[in-house]
Every structure is written in structure tokens, then in C-alpha cells.
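The structure under discussion appears below in the form of C-alpha cells.
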Amino acid sequence: MYVQPGPERDEMIIMGENANNTILEFQNITKTFPGVRALDKVSFAVRKGEVHGLVGENGAGKSTLIKIICGIYHADSGEIFVDGKQAHIMNPEQSQEYGIYVMHQEISVLPNMSVAENMNIHDIPRKGGIFADTKAMYRHTRKALDMVGLTYVEPRDIISQYSLATQQMIHLARIISMNPKVVLLDEPTASLTMNEKQQLFHAIERFRENGVSIIYISHYLDEVLQVCSRITVLRDGKYVNTYNSTDTDNEEIVTAMIGKNIKPERRKSEQMGEVVLEAVNIAAPSIVHHTDLKLHKKEVLGVYGLNGAGKTELLRVLAGCDRPLEGEIYVRGKIVRKPDVLSQLKRGIVYVPEDRRRLGLVLGMSVLENTSLGNERKYASLEMINRRKEYKDAEKYIKKMNVKTPSGKTVVEVLSGGNQQKVILARCMARNAKIILLDEPTVGIDVGAREEIYALISEFVSEGAAVVLASSDMNEVLSTADRIAVLAHGRIVTVLEKEEATEEKLLLYAMGDDTYER
Amino acid sequence: MKDKSVIKKIFSLRETGVVAALIVLMVIFSFSTDIFFTGNNLLNITRQISITSLLAIAMTFVIITGGIDLSVGSVIAFSGIITASMMKDYNMPTAAAVLIGVLLGLLTGFVNGLFISYLNMPAFITTMGTMTILRGLGYIYTQGYPIYDLPTSFKIIGQGYIWIIPIPTIIFVVIAIIAFIILKKTVLGRHIYAIGGNADASALAGIKVKRIQLYVYMISGSVSGLAAVVQAARVGSGLPTIGEGFEMDAIAAAVIGGAAMSGGSGTILGTILGAMLLGVLSNGLSLLDVDSYIMTVISGCVVILAVLIDQIRTIMAKNAQIRKTKETLAQKNRCESKGDV
């Protein structure tokens, strides 16, 4: 526990009753995208010198709001007030003129330049108009680094020699040197170890004392409750409530995040068979730690976790894309030594990646060619592909998957996301896949196609396959999976049976305290 | 309806532009010179372009995977020298010497491929290295002197005819047909396009990306080795200076024919047409007594023009796609708002 709710904070909350104390205020912010209302009349205020938490499920509207604050998106309607005056933020430069700075989840650095150059790149101090005043630059940098407690960082060192966490803190130092009024931290602890987190919390506390307001966005509730004095909850693009962190708890916030949703209709389970895939104590670089997993025949195993919890990394290990550092993988009871993509494919394990355009499809090739990709020998004799045979077979699966395409020879690039995903599933079916590892299979896919994909998953399972469904969409996991493994910080924290799984439970486990020392 | 779509298809084919340019050039040269449109001259052109075409075919394989092979020009010199030396200095029979020439090319490709695929080195740097090394080895082996007085049985490969058709023409046509079949019909060909289009997705789909990369450089090397033999036979000697800059002509032909340096596209037909365009241009202009220095400038312009036209077509196609998507989205929104009421 770093930020103790001491007398200071109570004082501040009392002071907060005074309206003049507001630094940033949103009034009726609305933003729509084709088909979705991302933000719907959101209003709340951030006080001077407070750490204000912003939480919500994936898709609640947090990222849209951030992008509006820093001028990447423009609100359709509604106003933003900075220091009591209406602000018109058209681009990131303007938002910085208002004193608003954002530390994004993934910071970008110039890897081959020094710390000082990275921190001053937008305005390098000059001598005589043209020469860089290196001394002044180092001096400024030193001062800023000390502000955030990075006394061990040397301004003239190349930035990439420092860890990602330190680079993040360096970025924060840069922001602080600009004299900000409001700093947004977007998932700042996603890649930090316990010690690094403590360092960050220290720095946050120091800013707060200097009168800087912080908006703290995080998936991890314990952290949010620890660091923030007030917490605003968004749900489905709407403002729900703002809570004082001293008189609320995890449960209340989770309930606010979920609301009263209609219970999703659940897929009927099949009679499960024997264990087909088992992972024992596997660890993968940087993210998966000592994780066990069992998958049965005719089962859909949900893997629920927030973004960055390690879902993709876990699936990639199972699919043979990444070698596990430790632990064993068993397929149908037999240990797999040195798994790789090819050998796992031969065992009937197919991985369907989240980024289907980059990892799933050869966009310039036709629907049919993508359906038989990597499996062309099925239709070849003496290495010559029998195109008629290939197309006939691929056509069959395309029809079965209900891929909407002008023709099989259409380039796959022009299809919609849903249809592209169905092409990849058609490939699984053509390969006669026995174990299908789905990574966020419905991301960016419209509702209709989504339902079709769920139906296809049911079909796969009823025909004897087993499916791992990794997703950060709670409803998807709850409605489709037979069992749900909850992943947090690269660990499976619990495995819930379908009957006992609820939204609250999933969120509480997924957002749980990271008490392990990494 | 059907006729319309056929016409549309012809216009949308990448090769159409090159064919059109080729026809225009040929018409111009036919009217402006007496000699151009004679059987002899046309056959002569096919012989003139045979070396470039062979190298361009080799290059097409590599470019489709998103790579590049700069060493093909030096292979022409080095393989040619060794082949010539085998016959002259070691009295080897022609067939054996030819085989050694081709195998040397294959070996070069194997080394290139090994470094590029399994050791993940950039193709540009690796093949630039082998290019320089082979060029240097050629000079060392010959001390800068040509190896001539080669047997007639060898020279016939470059200078002879079957009926009225030059043998180099026959060789490049046969290789082109084999290359066409490999790329269009075989599993290997499909995989070459796939890894050029998206290596990551191909690997996940179970394609052996590295091995195919290796194969591609081996194909490129051995076809270049064959081109070296034809070249040496045509000039009747092994020359350490020959083939300088040939790799650029090969790249130019492939690019004019529609291959994208980013990989995933390119055809043998297009490449041959590209080589023909350059060959016709060079032949026609020299018949018109145009200075050969000016010819170099013109062929450079043709390459840039070809890529420019292709770029414009890509942008137009993309814009049309975006327009279409916007329209469908707008339509959807209209439907939804109606539904709300």
C-alpha cells in the first residue's frame, strides 16, 4: 500500500466541494462511430491536484474519451472546460497548450538517441540559433529526471539501454517538465513489476502534491483504489457514477461497471470426452507464468482476461508459435517435445490469431487460395495442384461457413472482417482441425457475423473438436464456454464451471490484486 | 454482359499496359525503319533479350517472395569463366563444363539463401556481398584476361540455330515455360506467392517459409548459371568484365512486368513482356541510330513510368474500394435510423 488515505486526502475531498476547484470538466460529451455510440452524454469533473480513476469494461468508452481529450477524435457534441474556460481541442498540440498530457499505454521512443535527446526532441535548446545547446539540454533533463525519482538515469545514455519501465518513467519525466495541469495515464502499470509500480506511485504522489491532476486509467481495480481519491465508472459509453475511494470497494465498482445486463443465452454443452490438450506448468517469455490448462474433447474452454493478461501468449505457446521456457504440453496424452507450428498442425491444432489481417490471411490472394493455404498438398499429385479439385473442396467449406463473397476467386482483402474470419475458420474445417485455438475471434466483427461464428464453434464441437476461446468479451465467454479459465497477469487464477461463472466473478478475478512478485 | 466483363478483365490485367506499350513501340519502329519489322530482326531481338530474360525470370521468383538477388550479374561472369576454363584448361567435355557452370550458379544461390532465410540477413546486403565477391574471384582467376578459343560444340549454344530459331531463344522460352508452370501450377509456386504476400500468416498456416526462401535463391542461382553459359557461348569466351549491371536490367524487366518489390505479385508472362519492351526499345533506337547513352536514359525513364502507372492504378483501385465501403456504410446507417423510428 503506497498512497495511504491520510488526512491530506480527506482535506482535499472537503475542498472539492468548492466548484472553483475543478481543473477539467466534461459536459455531455457524445461521440458516434458508424453503428456505435461510443460516448453518450458523458459528464464529470476532475479536481485540481487529485488522482482521478477512470474505469470501465473493454468498449465502455475510455479510449474514445482519451482520444477526445488529446485531440485525436472530436466530440460530436458537448463541451470540455479547462480551468473554467471552454476548450476547443482540435489536435494533440492544442491539448498540450491547454496543459493536458497523455502517457499512452505504449510509448514510442527514438531507440538510438540519448535520454536527453528523447526528452527534448520537440524543442532542443539552442545556442546562436542553430547549434544544439547540449549542456542546457542535459541540465534540464537531469532536473526533470530527479523530479520523478530517476536519479540513476544518465541523460547522455542511449535510451534503449534502459528497461521498458524506466523508459516509461522517462517519458513521464518529460511530461512533468512541460508543467502540465492534467496528466492522463493510460494503463501505466501494464508492463511494470511490483517495484517499478511503487516507483510510479511515488511519482504520482509527488505530482499530486505539486497540484497536478492525474487521470488514472487502469484495468486493475486494487491499484485504482489504492492510488486514486475518486473513481469514475463508464459503462457502454455512458457515465455511471463517481465514487470516493475511501467509501467504496471492488464489489461496488464491478457492479457499476457491469450494470444489470440481461443474462446471455448459453450454448448447450455436449457430453465432454477425454482430455485432448493439456498444459502443465508452462511459462513463456515475460507474460505466462506457471500455468496449467486442460481441454477436453467436445469442450469449449473459455479463457477470459483483460487486455494484456497473456491470452495471446498462452495460445501461441499451445499452438507451437513460441517455445515454452518451462513446462510440458500433452496432446491426447502424449507429451509434445519441441513443439512448433508445423508439428502442432499435424496433430490437428490450429491457431486462429486475433490480428487476422496481419497473421491470418494472405490478403492479396483469393478466398479459395486462402482456404487451402498451407494445405495445398491435399489436392496435389506430383506437386502439381489440381485446381479443380482444390476449388471444389474449398468452395464446399466456404458455402458451409456461409462466407459472403462475390466469388471464390475474389481477393480476400475486400471482404468484411466477419467474412475474413469465416475464411480462416473454413481453413480450419478443410484441415479437419481437432483442436482450435481462437484468439478474440469476434473482434471488429458485426453482430450478425458474430452469431454465425458462435454457431460455427458449436458445430465444430458437436463434430468432435475441442475449442479454446480466448476473449476479453465477457458475454462471449459466458455464453459460449463450458468452463472458463480466468487469466490475470499471465496466470490462470481460477477455472470456473459454466454454472458458477457470473460477470461479477469474472471481473473480480480478472482485475484481482497482483500480489505475486514477478 | 459477358463480353463486357471480358473486356473489363483485359483492361484490369497488369500485363495489358505493357502489351499496349509494346505494340505502340513496334508500330512506331516498323514505320520509321525498314529493317525493324523483318523476320530476321525480330528473331534477332529474341536472341538479344535471352540473357536478360533468363536473369529476369530468376529475379521474378526472388522478387515475388519480397527479396532481391543482386548477384546474378556476377554469376554471369564467374560461372562463364569457370565453364570456359574447364574446357580450355582442363579439356573437359562441353556437357560437363556446362553442368559445372550451372551448378556454380546453384551453389551461389544456396549460399545466398542460407544467409537470407536461416540467418535472417537482409537480401540486399547478402547478395550485394556475393556479387562483389564473385566479381573479384573472376578477376583473380583470369588475372583480367579473357578465356577464348572455346570448342564449337560450346559456342553453338550461344550462336547456333535450330531451323531459323536462335538456340538462346529456345533455351529462354523453355525455361520460361518451366518457370510459368512452377509458379502457376505447383505447390511450391503457390507457397512462393503466399510467403511474399504475408510471411507471418503463411508460417502460421504451416508453410515452411525459410525452406521456400532457400529454394527461391537456389532457383535464381541456377537459372543465372545457365544464363552465364549462354552468354559465354554467345561471345565465345569467358570474360571477367561481362554481366556488370545485368541484375539491374533483370529487376527492371520484372518491375515493368508488374512485380512489386514488396513481394506477393509478379508473373513470368509480365516479366518476359518487360524484357521484350526493353529489348524492342533498345533494338529500335539503335536502328534509328540513336546514341546508346541516350538509350540508357530512356530505359531508365521507362522503368519509372511503368511503376508510376502501376502506382496510379493501385491508388485508383483503393479509392474505388473506399468509396464503395462508404456507400454501403451510409446505406446501413440509413436503414438503422429508419428502424429506430
Side-chain angles (χ1 to χ4, degrees), chain A residues 32-36 316 319-321 340-346 349-353 355-366 368-387 390 409 411-416 424 427-428 430-431 437 439 446 448, chain B residues 5 9 12 14 64-66 181-212 215 258 260 262-266 314 317-318 320-337 339-340:
Chain A
T32 41
F33 295 106
V36 233
R316 283 182 63 91
C321 308
D340 60 55
V341 174
L342 218 62
S343 68
Q344 293 293 72
L345 277 172
K346 280 187 189 138
I349 302 178
V350 182
Y351 170 52
V352 178
D355 190 346
R356 63 189 81 91
R357 293 175 68 85
R358 203 171 63 76
L359 298 174
L361 296 162
V362 181
L363 290 174
M365 286 184 137
S366 72
L368 293 170
E369 284 169 338
N370 268 289
T371 305
S372 57
L373 188 71
N375 198 26
E376 295 90 350
R377 292 219 163 77
K378 188 175 166 189
Y379 316 106
S381 53
L382 292 170
E383 289 296 295
M384 305 286 268
I385 300 173
N386 182 341
R387 250 189 227 214
E390 177 193 8
K409 287 178 182 158
V411 180
V412 81
E413 188 170 16
V414 306
L415 299 189
S416 70
I424 300 177
R427 189 194 300 157
C428 291
R431 270 183 177 280
L437 310 171
D439 193 0
D446 64 273
Chain B
S5 70
K9 206 175 165 191
S12 67
R14 289 193 103 149
I64 292 172
T65 65
I181 291 171
I182 290 177
L183 281 180
K184 275 266 176 207
K185 306 278 181 195
T186 66
V187 177
L188 175 66
R190 180 72 65 78
H191 287 182
I192 288 173
Y193 280 106
I195 70 171
N198 189 341
D200 292 333
S202 304
L204 277 183
I207 294 173
K208 294 171 184 152
V209 175
K210 287 186 187 299
R211 189 177 299 181
I212 286 163
Y215 287 165
S262 51
S265 65
T314 317
K318 203 164 252 173
Q321 193 59 46
I322 290 169
R323 219 170 23 243
K324 214 170 122 191
T325 319
K326 270 188 180 161
E327 272 167 23
T328 26
L329 267 179
Q331 221 165 20
K332 237 187 196 169
N333 275 351
R334 242 176 280 138
C335 292
E336 267 171 29
S337 58
D340 284 346

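This one's a predicted model, so the numbers in the text were calculated from it and none came from an experiment. Residue numbers begin at 1 in each chain, while the letters A, B, ... track the order of the sequences.
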Item to check | Non-hydrogen atoms of A/Gly360 and B/Ala201 that approach each other most closely | outcome: C-CB, 3.7 Å
Next on the checklist: Can you tell me if B/Arg211 has over 12 outside heavy atoms packed within less than 6.0 Å of its CZ?
Outcome noted: no
Checklist outcome for this item: d(A/Met384 CE, B/Ile181 CD1) to nearest 0.5 Å is 5.5 Å
Checklist outcome for this item: Across all chains, not counting sequence neighbours, the side chain to side chain donor-acceptor pair (under 3.5 Å) partners of A/Arg356 are none
Next on the checklist: I need the residue from A/Arg427, A/Gln344, A/Glu390 with the largest number of non-hydrogen atom pairs under 4.5 Å to chain B.
Outcome noted: A/Glu390
Checklist entry - Just by distance, do the side chain of B/Asp200 and the backbone of A/Leu359 share a donor-acceptor pair under 3.5 Å? => result no
Checklist outcome for this item: The interface call for A/Glu413 against chain B, heavy-atom contacts under 4.5 Å, is neither
Checklist entry - So, for B/Leu188 and A/Glu383, which heavy atoms are closest and what is the spacing to 0.1 Å? => result N-OE1, 4.5 Å
Checklist entry - What closest approach, in Å, do A/Ile385 and B/Thr186 show between heavy atoms, and which atom pair accounts for it? => result CD1-O, 3.7 Å
Checklist outcome for this item: One should read off an interatomic distance between B/Arg190 CZ and A/Met365 CE, to the nearest 0.5 angstrom, of 6.0 Å
Checklist outcome for this item: Scored by heavy-atom pairs under 4.5 Å with chain A, the best of B/Lys184, B/Lys208, B/Lys185 is B/Lys185
Checklist entry - Does any heavy atom of chain A fall under 4.5 Å from the side chain of B/Ala203, the backbone, both, or neither of them? => result backbone
Checklist outcome for this item: Tightest non-hydrogen contact, residues A/Val362 and B/Gly197, listed as CG1-CA, 3.8 Å
Item to check | Under 4.5 Å from any heavy atom of chain B - which part of A/Ser416 | outcome: neither
Checklist outcome for this item: dist A/Leu373:CG -> B/Ile207:CD1 (nearest 0.5 Å) comes out at 4.0 Å
